[in-house]
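Shown next, in structure tokens, is the structure this report addresses.
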Number of protein chains: 2
Amino acid sequence: MTSYREKKVITIGVVHELTGLSERKIRYYEERGLIFPARSKKGTRKYSFSDIEALMNIADQREEGVQTDEIKRDMMKKKNSKQIREELRRGQLNAHFNMRKP
Amino acid sequence: MTSYREKKVITIGVVHELTGLSERKIRYYEERGLIFPARSKKGTRKYSFSDIEALMNIADQREEGVQTDEIKRDMMKKKNSKQIREELRRGQLNAHFNMRKP
DNA sequence: CGTGTAAGGAATTCTGACACG
DNA sequence: CGTGTAAGGAATTCTGACACG
């Protein structure tokens, strides 16, 4: 629960220092729905270590010429299969089906 | 090694949001040698989650009227006994003594 | 001793836009 | 499509100091 990895506390400047990505790129990848920083009360973006890891992956793929669309589709796939696995693990596949035909 | 807990990446404003402590207090506890934020290239302070935990402890003790001097002495003690335990665990007590009379 | 505050400057972040390819 | 950049404003952070108790 005290997952430091997921806590949104890092400003864009520090993310830039850590990843080497320009702030422009970082904001653009958000615009394309690849990352989801939180906002402080005053509106500045706040990222988690997890976001930073995601950005490194994105950067790698971009270098290989992969477009943001495709990166996003890939991420969705992984997210979905991860969720399926999760449901199986909990033995809640039934609940899942019940949800589809109530 | 990828210890997110120890990475100095959080600005003072976010530390304020997270702890409720005024920036003045946060800077003052640094001045008294209770915490050691890093600095970005441009000179802004950067804190770790670990620093934030320390600040919460400090805040608790200050509320009980404990002075920063004493808080510091306490921290030193704990740090020392922790280090001793560490050395014992590694079986390096000898090295420790060798260091005292070379 | 510990903390608030006003002061002035420097650095940060934000948005919307234009440019290029 | 992906990224750079100049623009102007708003918010952040820094230091050194004065105040109070």
Side-chain angles (χ1 to χ4, degrees), chain A residues 7-76, chain B residues 7-76:
Chain A
K7 278 218 136 194
K8 310 264 187 181
V9 295
I10 308 176
T11 57
I12 197 166
V14 176
V15 174
H16 160 66
E17 285 180 20
L18 260 33
T19 61
L21 295 172
S22 69
E23 301 187 2
R24 181 68 166 95
K25 286 183 181 177
I26 298 169
R27 293 198 191 97
Y28 182 68
Y29 299 148
E30 172 185 2
E31 193 181 316
R32 303 317 314 268
L34 300 180
I35 48 172
F36 305 92
R39 295 276 178 150
S40 74
K41 293 158 198 167
K42 298 302 181 56
T44 72
R45 274 167 264 250
K46 296 195 295 186
Y47 303 82
S48 65
F49 283 111
S50 175
D51 290 328
I52 287 174
E53 289 176 8
L55 282 169
M56 316 265 267
N57 278 324
I58 294 166
D60 286 348
Q61 296 188 64
R62 283 296 302 126
E63 274 188 39
E64 292 165 20
V66 186
Q67 294 194 328
T68 55
D69 274 34
E70 217 174 325
I71 298 176
K72 179 159 190 180
R73 277 195 291 276
D74 264 40
M75 286 178 51
M76 298 304 264
Chain B
K7 278 217 136 196
K8 310 263 187 183
V9 295
I10 309 176
T11 57
I12 197 166
V14 177
V15 174
H16 160 65
E17 284 180 22
L18 260 33
T19 62
L21 294 171
S22 69
E23 300 186 3
R24 181 67 166 97
K25 285 182 181 178
I26 298 170
R27 294 199 190 96
Y28 182 67
Y29 299 148
E30 173 186 2
E31 194 181 315
R32 302 317 312 268
L34 300 180
I35 49 173
F36 305 91
R39 295 275 178 151
S40 74
K41 291 159 199 167
K42 297 301 182 58
T44 70
R45 274 167 263 250
K46 296 195 293 187
Y47 302 84
S48 64
F49 283 111
S50 175
D51 290 328
I52 288 174
E53 289 176 8
L55 282 169
M56 315 265 266
N57 278 324
I58 294 166
D60 287 348
Q61 295 188 65
R62 282 295 302 125
E63 275 188 39
E64 292 167 18
V66 187
Q67 295 196 327
T68 54
D69 274 32
E70 218 174 325
I71 297 177
K72 179 159 190 182
R73 277 196 290 276
D74 264 41
M75 286 178 53
M76 298 304 264

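Reminder, nothing fancy here: chain letters follow the sequence lines and each chain counts from 1.
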Exercise. Across all strands, who's sitting opposite D:dG2 as a Watson-Crick or G-U wobble pair, both distances under 3.5 Å?
Worked result: C:dC20
Seminar exercise, completed: Separation of D:dG4 atom P from A:His16 atom NE2, nearest Å, is 10 Å
For this session: List the atom of B:Ser48, the atom of B:Ile10, and the distance in Å for their closest heavy-atom pair.
Result: C-CD1, 4.3 Å
For this session: May I ask you to evaluate whether B:Arg24 reaches the phosphate of C:dA6, defined as a side-chain N or O under 4.0 Å from OP1 or OP2?
Result: no
Exercise. Taking only side-chain nitrogens and oxygens of A:Thr44, does any of them come within less than 4.0 Å of OP1 or OP2 of D:dT12?
Worked result: no
Seminar exercise, completed: All heavy atoms of B:Val9 vs all of B:Lys46, minimum pair found to be N-CB, 4.2 Å
Seminar exercise, completed: When every non-hydrogen atom of A:Phe36 is compared with those of A:Lys8, the smallest separation belongs to O-NZ, 2.7 Å
Exercise. For C:dT12, does OP1 or OP2 lie under 4.0 Å from any side-chain N or O of B:Lys42?
Worked result: yes
Exercise. So, is A:Tyr28 near the phosphate of D:dG2, with a side-chain N or O under 4.0 Å from OP1 or OP2?
Worked result: yes
Exercise. Using a cut-off of less than 4.0 Å, is there contact between a side-chain N or O of A:Arg62 and OP1 or OP2 of D:dT3?
Worked result: yes
Problem set entry | Note: B:Glu17-A:Lys41 ion pair, threshold 4.0 Å (strictly below) | no
For this session: Indicate whether OP1 or OP2 belonging to C:dT15 is found under 4.0 Å from a side-chain N or O atom of A:Arg39.
Result: yes
Seminar exercise, completed: Of B:Gly43 and A:Arg32, the one whose closest nucleotide on DNA chain D sits nearer the 5' end is A:Arg32
Exercise. Just to confirm, is there a sub-4.0 Å distance from OP1 or OP2 of C:dT13 to any side-chain nitrogen or oxygen of A:Arg45?
Worked result: no
For this session: Find the distance B:Lys46:NZ to C:dT12:P and express it as a whole number of Å.
Result: 11 Å
For this session: May I ask which nucleotide in the shown strands pairs with D:dA7, Watson-Crick or G-U wobble, both distances under 3.5 Å?
Result: C:dT15
Problem set entry | A:Lys25 NZ - D:dT3 P separation (whole Å) | 5 Å
Problem set entry | Closest contact, heavy atoms only, B:Ala59 versus B:Leu21 | CB-CD2, 3.9 Å
Exercise. For B:Arg27 and C:dG2, what is the distance between atoms CZ and P respectively, to the nearest whole Å?
Worked result: 18 Å
Seminar exercise, completed: Whole-Å distance, B:Ile12 CD1 to C:dT12 P, equals 15 Å
Exercise. Pick the nucleotide of DNA chain C nearest each of A:Glu23 and B:Val66; which residue has the one closer to the 5' end?
Worked result: B:Val66
Exercise. OP1 or OP2 of C:dT12 less than 4.0 angstrom from a side-chain nitrogen or oxygen of B:Thr11, does that happen here?
Worked result: no
Exercise. Any side-chain N or O of A:Tyr29 under 4.0 Å from OP1/OP2 of D:dT3?
Worked result: yes
Exercise. Within the side chain of A:Thr19, is there an N or O that forms a donor-acceptor pair under 3.5 Å with the backbone of A:Val15?
Worked result: yes
Problem set entry | Separation of atom CD in A:Glu31 from atom P in D:dT3, rounded to whole Å | 11 Å
Exercise. To the nearest angstrom, how far is B:Leu21 atom CG from C:dG4 atom P?
Worked result: 9 Å
Exercise. To the nearest Å, how far apart are A:Glu63 CD and D:dG2 P?
Worked result: 15 Å
